[in-house]
Number of protein chains: 2
Amino acid sequence: MLRLNLRDKNTLLRTSFLSELGPTAMASMLEIANISSYEARDVLFREGEPADCFYTVLSGYVRLYRLNKDGREADIRICGPGDIFAECLLTLGDTYLYNAQAAENVTLARFDLGRVRQLAEQEKDVAKAIMRSLSDHLRGTMDCIANDRLQTAPQRVAHYLLTHCGAEEGPGSVRLPFQKSLLAGMLGLAPEALSRAFSSLRKVGVTVRGRTIQISDISALKQI
Amino acid sequence: MLRLNLRDKNTLLRTSFLSELGPTAMASMLEIANISSYEARDVLFREGEPADCFYTVLSGYVRLYRLNKDGREADIRICGPGDIFAECLLTLGDTYLYNAQAAENVTLARFDLGRVRQLAEQEKDVAKAIMRSLSDHLRGTMDCIANDRLQTAPQRVAHYLLTHCGAEEGPGSVRLPFQKSLLAGMLGLAPEALSRAFSSLRKVGVTVRGRTIQISDISALKQI
DNA sequence: CGATTCGTTGAGAGTCGTCAACGGAGGTGG
DNA sequence: CCACCTCCGTTGACGACTCTCAACGAATCG
C-alpha cells in the first residue's frame with residue numbers, strides 16, 4: 001500500500017463514483033480507499049477467488065477477461081483511469097466473476113466491499129453512486145453485445161475511432177492510450193484481425209502510424 | 001390497463017425486485033404498478049424514444065434488440081416471467097436504449113421511473129432492490145459477452161441445455177419455454193445456425209422433438 | 001382443408017481465428 | 001554509439017465457422 005499522491009487523488013475525486021458525493025460521504029470513501037500498484041502482466045485476481053474489494057483505476061489499464069476450458073482468453077472489459085470494476089459484488093456474491101490483469105504498470109484504489117456496503121446503508125449518496133455506476137456499466141456492456149452481434153471488424157474499429165476523435169465531420173485524429181493488442185481484445189478481435197481492419201479502412205482515409213491514427217474525412221468513415 | 005389477476009400478482013410478488021421488500025415498500029410498489037398487455041409482435045417501445053417507465057414481465061416473453069443501419073436485428077436480451085428490464089433508466093437518462101417487442105402475447109407491469117426514483121429516496125429497501133437487479137443484469141450481460149467470444153454455436157447450445165436441465169449427470173431433458181427462433185437470438189445465432197448446432201449435438205446424445213429436448217448423458221454434453 | 005408461419009437442409013460466400021514468417025520499435029548492455 | 005534482443009505489429013496462407021439465400025417439409029391456426 002502506498003500514499004495517495006496528488007495526481008492520483010485528483011483522478012479519484014473526478015471519478016463518476018466519487019465526484020457527486022456529499023462532503024461526508026466523500027470523506028468516508030477516501031478514508032476507506034486503499035492504494036496499491038501492480039506491474040505490467042500482474043494478475044490482480046482470478047475468477048472464483050474470494051472477493052473482498054472492488055477497484056478504481058487511477059493510472060494505467062486493466063484487462064478483465066475470462067478463460068474457456070482450452071485456456072483461450074476473451075476480454076470482457078478494458079478499464080482505464082477513472083473506471084471502476086467488480087463493484088457489482090457489492091450485492092452479488094463473494095467471489096470474483098472474471099480474471100483481472102494489469103495491462104501495464106497501474107495504480108489502483110481498492111475499497112473493502114463490506115465497509116462500502118455499510119456506508120451505502122448510512123449515506124444515500126453512496127447508494128446512488130453505486131446505482132449510477134452499475135447502470136453505466138450495464139449500458140456499456142449491452143452496447144458491447146449489440147456491437148459484437150451487429151458489426152464486422154472494420155465497423156467496430158470505425159465506431160471506436162468515431163467515438164474517440166471528438167469531432168463530427170471533417171478530418172480528425174485519435175491517439176490510442178494503449179497497445180493495439182488491447183484495443184483488439186476490447187473489440188472482441190484477434191490482433192491480426194485488428195490489423196487487417198485498419199488496412200481495410202485505408203481506402204476511406206484512415207492512416208495509422210504507431211499509436212496515432214489520422215482520419216481524413218469523418219463523414220466518410222461513418223458510412224462504413 | 002387491466003386489473004391484476006391472481007396469477008400475475010403472484011408472479012409479481014415473487015420477482016427478485018419485489019420479493020425482498022419490506023411491507024410498506026412492497027405496498028407502494030404495488031400501488032405504482034400499471035398492468036398492460038400486448039399481442040405477439042407488438043412493439044413496446046423503440047430505441048431513442050422518451051422513456052417514462054421500466055417493466056416487469058408477468059407472462060410471455062419480450063425481445064430487447066438493436067438495429068444496425070441496414071435494418072438487421074440483434075437480440076440483446078430475452079425477458080421472461082419475473083424478469084425486469086429498462087430499469088437502468090432510473091439513473092441513466094430519459095430515452096430507451098433499445099427496441100422492445102413482444103415475442104408472444106404478454107402481460108407486463110409498468111413502473112413510472114419518476115415515482116420509483118422518489119420511492120428509492122425514501123425506502124432503503126427499494127434502493128437495495130434496484131442495486132441487486134442492476135448487479136444481476138450486469139453479471140448476466142458480462143456472461144453473455146464472454147460466451148459470445150469464447151464459445152461456438154454447439155457450445156452455446158450445450159451450455160444453455162446444461163443450465164436449464166436441472167441435473168448434474170446422467171440423462172436429462174429440457175422443455176423450451178419459447179420458439180427456437182427466440183433461443184437462436186438469445187444465443188446470438190441465426191435460426192439456421194441453431195438448427196445445425198442441434199444436429200451436431202446428436203452425436204453426443206441430444207435428441208430434439210419440437211420443444212422438448214432429450215439428453216442421454218449430461219456428462220458427455222459437458223465435454224463439448 | 002387451406003394458409004401461414006416455423007424449422008430444417010443444402011449450397012455458397014464472407015468473415016474471422018490460427019499458425020507461421022517477417023520487419024520494426026524500443027530497451028539493454030557492451 | 002552500436003549490436004543485440006525481445007516484444008509488438010503486420011502480412012500471407014489456410015481453415016473453421018457462421019451468415020445468407022433458397023427450397024422444402026412440418027407444424028399450427030383458422
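Convention: sequence-line order gives letters A, B, ...; per-chain numbering from 1.
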- Query: So does Ser199(B) get a side-chain nitrogen or oxygen closer than 4.0 Å to the phosphate oxygens (OP1/OP2) of dT8(C)?
  - Reply: no
- CD1 of Ile213(B) versus P of dT8(C): gap in Å, rounded? 10 Å
- Closest non-hydrogen atom pair, Ser216(B) against Val204(B): OG-O, 4.1 Å
- Message: Just the rounded figure in Å: distance from P of dG17(C) to CG of Asn68(A).
- Response: 14 Å
- Item | Atom-to-atom span, CZ of Arg202(B) to P of dT8(C) - whole angstrom | 10 Å
- Task: Just compare dT20(D), dC16(C), dG7(C) and give me whichever is closest to any side-chain atom of Ala190(B).
- Result: dT20(D)
- Item | Heavy atoms of other groups near Glu73(A) CD, more than 12 under 6.0 Å | yes
- Heavy-atom count around Lys180(A) NZ within 6.0 Å, excluding the residue itself: above 12? yes
- Query: How many Å lie between CG on Leu189(A) and P on dT10(D), as a whole number?
  - Reply: 13 Å
- Item | Gln179(B) side-chain proximity, nearest of dC6(C), dC19(D), dT8(C) | dC6(C)
- Let me know the distance between CG of Asp148(A) and C1' of dG17(C), rounded to the nearest Å. 15 Å
- Item | Phosphate OP1/OP2 of dG7(C) contacted by Arg196(B) side-chain N/O (<4.0 Å) | no
- Starting at atom CG of Leu187(A), determine the distance to atom C1' of dT15(C), rounded to an integer number of angstrom. 16 Å
- Task: Would you mind telling me which of dT11(D), dT18(D), dC6(C) lies closest to the side-chain atoms of Pro154(B)?
- Result: dT18(D)
- Provide, to the nearest angstrom, the distance between the CZ atom belonging to Phe178(B) and the C1' atom belonging to dG7(C). 16 Å
- Would you say Arg211(B) has more than 12 foreign heavy atoms packed within less than 6.0 Å of its CZ? yes
- Item | Nearest listed nucleotide, side chain of Arg72(A), among dG17(C), dC7(D), dC19(D) | dG17(C)
- Among the nucleotides dT18(D), dT9(C), dC8(D), which one has an atom lying closest to any side-chain atom of Arg41(A)? dC8(D)
- Task: Record whether the side chain of Glu192(B) comes under 3.5 Å of the base of dC21(D) through a donor-acceptor pair of N or O atoms.
- Result: yes
- Item | Residue-phosphate contact under 4.0 Å: Thr152(B) side-chain N/O, dA16(D) OP1/OP2 | no
- Whole Å only: how far is the CZ atom of Arg211(B) from the P atom of dT28(D)? 9 Å
- Between Tyr96(B) and Phe45(B), what is the ring plane arrangement, given parallel below 30°, perpendicular above 60°, and tilted in between? parallel
